[in-house]
Asker: 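Quick one: this structure, given as structure tokens, is what I'll be asking you about.
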Amino acid sequence: MTALSRHRRWKTAAGVALTALMLFPVYWMINVSFTRDRDMRADPPRLFPVGGTLDGYRAVLHDQLPYLGVSLLVGLGTVALTLTLAAPAGYALAKLRPPGGGALSFVLLIAQMIPGIIMAMGFYAIYLNLGVLNSLPGLILADSTLAVPFGVLIFTAFMSGIPSELTQAAVIDGAGALRTFWSVVLPVSRNALVTVSLFAFLWSWSDFVFASTLDGGGGNQPITLGIYHYIGNNNQQWNAIMATAVVASIPATILLILAQRYVAAGVTAGAVKD
């Protein structure tokens, strides 16, 4: 065995070990979701759910489906609002170059650094005065504030790399800025569209701060609050908690698997100049 071959094997072994270490919490979540309540505090803990139970998943089907439905609606609404605002803004900054565009990009970058709890308290005061607390539109709007700045930056970077000959040809054919954006720029921005949509959905799907602040006592609570209802002062239903977490992770996992190649292309767009 050559030194190069041994080096590659060591790298592979190290990669496998690190991957297993990072995925162990996921395995443990699945393991606990099948573990019976009386076995939760077994010493030593059981690495496999011997004599497991489906009680946690029955609880999900009985209790959590409305919360999952709300999360789906909020996620899709957040994606729609984010794309509606971010795509035209990214096109304007990339191709139309309005005055103050550089300053606006800097402001959008700074906006992503504002802690979520501060934004949540600001939204709470505004929503309280407007009477839109505990509403789906209010939660969608709040979640979109996380995704829109990111989306604008991604669209700007991607659309900056679109050849100017494409847009100039559309202008020569008589297309205005809106028609050029809709018929030329958007169709070739598929990678950026998928990237922004995925991150917007995942951020809204996993949101807890906005949900607990703006809809903590309402009837439109997402799955993050549904999981939280299983935690009490004297009782924690760990198999139900973990079963809900497993079910809630499935949509995100499927989306990541399906969209990974588009995300890689969308995130790196504009990073390298030809």
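Just so you know, residue 1 is the first one in the sequence shown, and it goes up from there.
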Asker: Does a side-chain heavy-atom distance below 4.5 Å link Leu153 with Gln112?
Answerer: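 Leu153 vs Gln112: side chains touch.
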Asker: Taking the side chain as every heavy atom from C-beta outward, state whether Leu256 and Leu202 have any pair of such atoms under 4.5 Å apart.
Answerer: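 SC-SC contact between Leu256 and Leu202 confirmed.
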Asker: Just how far is it from atom CG of Leu104 to atom CG of Leu109, taken to the nearest 0.5 Å?
Answerer: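 One gets 11.5 Å once the value is rounded to the nearest 0.5 Å.
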Asker: Linking I/L/V/M/F/W/Y whenever their side-chain heavy atoms sit closer than 4.5 Å, directly or via other members, would Leu258 and Phe201 fall into one cluster?
Answerer: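 No, separate clusters.
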Asker: Is Leu136 reachable from Trp203 through a run of hydrophobic residues whose side-chain heavy atoms are each under 4.5 Å from the next?
Answerer: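 They do not share one cluster, since no chain of ILVMFWY contacts under 4.5 Å joins Trp203 to Leu136.
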Asker: Would you mind reporting whether Tyr57 and Val246 have side-chain heavy atoms less than 4.5 Å apart?
Answerer: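 With C-beta onward as the side chain, the pair touches.
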Asker: Hey, could you give me the CZ/CG distance between Phe34 and Asn239, rounded to the nearest 0.5 Å?
Answerer: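 Rounded to the nearest 0.5 Å, the CZ-CG separation comes out at 10.5 Å.
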Asker: What do the steps show when you test Tyr91 against Leu186 for side chain to side chain contact (heavy atoms under 4.5 Å, CB included), and what is the final call?
Answerer: CA-CA 9 Å; Tyr91 170 66; Leu186 272 187; over 6 Å; no
Asker: List the atom of Ile30, the atom of Ser33, and the distance in Å for their closest heavy-atom pair.
Answerer: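 Closest pair (atom of Ile30, atom of Ser33, distance): O-OG, 2.5 Å.
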Asker: Is the closest side-chain heavy-atom distance between Asn134 and Asn220 below 4.5 Å?
Answerer: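 A side-chain contact is absent here, since even the closest heavy-atom pair is not under 4.5 Å.
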Asker: Check whether any side-chain heavy atom of Tyr230 sits under 4.5 Å from a side-chain heavy atom of Asp63, and report yes or no.
Answerer: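 Side-chain contact under 4.5 Å: yes.
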Asker: Rounded to the nearest 0.5 Å, what separates atom OG in Ser105 from atom CD1 in Ile110?
Answerer: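 Those atoms lie 12.0 Å apart.
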Asker: Shared ILVMFWY cluster between Trp28 and Leu21, side chains joined below 4.5 angstrom?
Answerer: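 In one cluster with Trp28: Leu21, no.
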Asker: Taking all heavy atoms of Ala111 and all of Pro149, pick out the closest pair and write down the distance.
Answerer: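 Smallest interatomic distance, heavy atoms only, reads CB-CG, 4.3 Å.
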Asker: Should Leu47 and Val32 be counted in the same cluster of Ile, Leu, Val, Met, Phe, Trp and Tyr side chains packed under 4.5 Å apart?
Answerer: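 Leu47 clusters together with Val32.
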Asker: Picking from Asp215, Thr224, Leu146, what satisfies side chain to side chain contact (heavy atoms under 4.5 Å, CB included) with Phe210?
Answerer: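 Going through Asp215, Thr224, Leu146 one by one, the side chain to side chain contact (heavy atoms under 4.5 Å, CB included) with Phe210 is satisfied by Leu146 alone.
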Asker: What is the minimum heavy-atom distance between Pro222 and Ala211, and which atoms define it?
Answerer: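 Residues Pro222 and Ala211, closest heavy atoms: CG-CB, 3.5 Å.
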Asker: Is there a continuous path of hydrophobic side-chain contacts, each under 4.5 Å between heavy atoms, that joins Val74 to Trp205?
Answerer: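 In one cluster: no.
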Asker: With distance as the sole test, does Lys95 use its side chain to make a donor-acceptor pair with the main-chain N or O of Ile162 at under 3.5 Å?
Answerer: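 Yes: the side chain of Lys95 pairs with the backbone of Ile162.
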Asker: Please examine the side chains of Phe155 and Leu93, heavy atoms only from C-beta on, and report whether any two atoms are closer than 4.5 Å.
Answerer: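 Leu93 vs Phe155: side chains apart.
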Asker: If we only count heavy atoms from C-beta on, is the Phe123 to Thr145 side-chain gap below 4.5 Å?
Answerer: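 Yes; the side chains approach each other to less than 4.5 Å.
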Asker: Measure up the Phe199 and Phe150 rings against each other and bin them: parallel (under 30°), tilted (30 to 60°), perpendicular (over 60°).
Answerer: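 Because their plane-to-plane angle lies in the 30° to 60° range, the rings of Phe199 and Phe150 count as tilted.
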Asker: Output the distance between atom OH (Tyr27) and atom CZ (Phe48), rounded to the nearest 0.5 Å.
Answerer: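 It is 4.5 Å, given to the nearest 0.5 Å.
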Asker: Kindly give the heavy-atom pair with the smallest separation between Ala142 and Leu214, and that separation in Å.
Answerer: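 Heavy atoms of Ala142 and Leu214 come nearest at CB-CD1, 3.6 Å.
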Asker: How close do Ser71 and Ile223 get, counting heavy atoms only, and between which atoms?
Answerer: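 Looks like OG-N, 2.7 Å.
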Asker: When rounded to the nearest 0.5 angstrom, what is the spacing between NE2 in His229 and CD1 in Ile241?
Answerer: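 Result: 12.0 Å between the selected atoms.
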Asker: Identify the two heavy atoms, one from Val209 and one from Asp207, that lie closest to each other, and give their separation to 0.1 Å.
Answerer: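 Shortest heavy-atom separation between Val209 and Asp207 comes out as N-OD1, 3.5 Å.
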Asker: Side chain of Ser144, backbone of Leu81: donor and acceptor closer than 3.5 Å?
Answerer: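 Pair absent, no side-chain N/O of Ser144 close to backbone of Leu81.
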Asker: Return yes if some donor-acceptor pair links the side-chain N/O of Tyr127 with the main-chain N/O of Gly138 below 3.5 Å, else return no.
Answerer: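 Yes; judged by distance alone, with no hydrogens or angles, the pair exists.
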Asker: How long is the gap from CD on Gln64 to CG on Leu225, to the nearest 0.5 Å?
Answerer: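 Going from CD on Gln64 over to CG on Leu225, the span is 10.0 Å.
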Asker: Tyr228 versus Gln221: any side-chain heavy-atom pair under 4.5 Å?
Answerer: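 No - every pair of side-chain heavy atoms lies 4.5 Å or more apart.
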